S.K.: 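Questions regarding the structure given below will be posed in turn.
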Amino acid sequence: MNVFRLAGDVSHLVAIIILLVKIWRSKSCAGISGKSQVLFALVFTTRYLDLFTVFISAYNTIMKVVFLAMSYATVYLIYMRFRNMYDSENDTFRVEFLLVPVIGLSFLENYAFTPLEILWTFSIFLEAVAIMPQLFMITKTGEAESITTHYLFFLGLYRALYIANWVWRYHTEEFFDQIAVVSGVVQTIFYCDFFYLYVTRVLRGKAKMILP
Amino acid sequence: AQGEALHDEL
């Protein structure tokens, strides 16, 4: 464990908490892409299948349980509790355009052709594109509430910090996870446009981020 | 070395 990975995990946790609390307190999921949240729940489910078979550390196990619980709670709030507030006509990204390539690629490019390893690879590739429906929804509505942009900021920051973690681990322990690194770089690149808007608009105190 | 089968990252 190093400071970059810890900061990344904390940033990830903060993002998930920001979204969950926002939906719970505003009793609304307007402007939130339910599809992205379902994809994130799928990412955690397929990545953390080793939760009961491999014990790495108390921290690892606890964080996996927390991430799984909170992502399912978010999906529950969007599609069950506050479903009448769910903005389905703006959440129209065709997720099959993400799932088909990701499934295909995880069968082609993996470390071992075993169910657990293919599902892990699937979760890595899926995480890189899981935010697409949310970013698409923002471009479609042309705006995002500032809380939603803070959620996206910490979510994008988490994988950027993981890149620093991989650089650190490469130089200190010769660790290099090619699939995670390539996918993580792609994932972070998808946030660059948002990061620019976030810094130039939201941090200037705008109530909500209006796209140009 | 490429990632070992044991994935220790979240």
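Keep in mind it's a predicted model, so treat the numbers as computed, not measured. Residue numbering restarts at 1 for every chain, and letters A, B, ... go by the order of the sequence lines.
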S.K.: Can you tell me how far apart CG (L13(A)) and CE (M70(A)) are? Round to the nearest 0.5 Å.
M.R.: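 It comes to 6.0 Å.
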
S.K.: Could you look at D9(A) and say if it's the side chain, the backbone, both or neither that has a heavy atom under 4.5 Å from chain B?
M.R.: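 Contact with chain B: side chain only.
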
S.K.: Counting only heavy atoms closer than 4.5 Å, note whether F44(A) contacts chain B via side chain, backbone, both or neither.
M.R.: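 Neither part.
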
S.K.: Below 4.5 Å, heavy-atom pairs only: which of D50(A), N60(A), I179(A), T114(A) has the largest tally toward chain B?
M.R.: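 Highest number of pairs under 4.5 Å: N60(A).
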
S.K.: My understanding is that only one of V75(A), V95(A), I131(A) makes a side chain to side chain contact (heavy atoms under 4.5 Å, CB included) with L39(A); could you say which?
M.R.: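 Output: one option passes, namely V95(A).
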
S.K.: Relative to each other, are the rings of Y158(A) and H12(A) parallel, tilted or perpendicular (30° and 60° limits)?
M.R.: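 Answer is parallel, since the angle falls under 30°.
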
S.K.: Return the orientation label for the F195(A) and F153(A) ring planes: parallel under 30°, perpendicular over 60°, tilted otherwise.
M.R.: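 Perpendicular, since the angle between the ring planes exceeds 60°.
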
S.K.: Checking heavy atoms, do the side chain of Y48(A), its backbone, both or neither come under 4.5 Å from chain B?
M.R.: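 Just the side chain, heavy atoms under 4.5 Å.
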
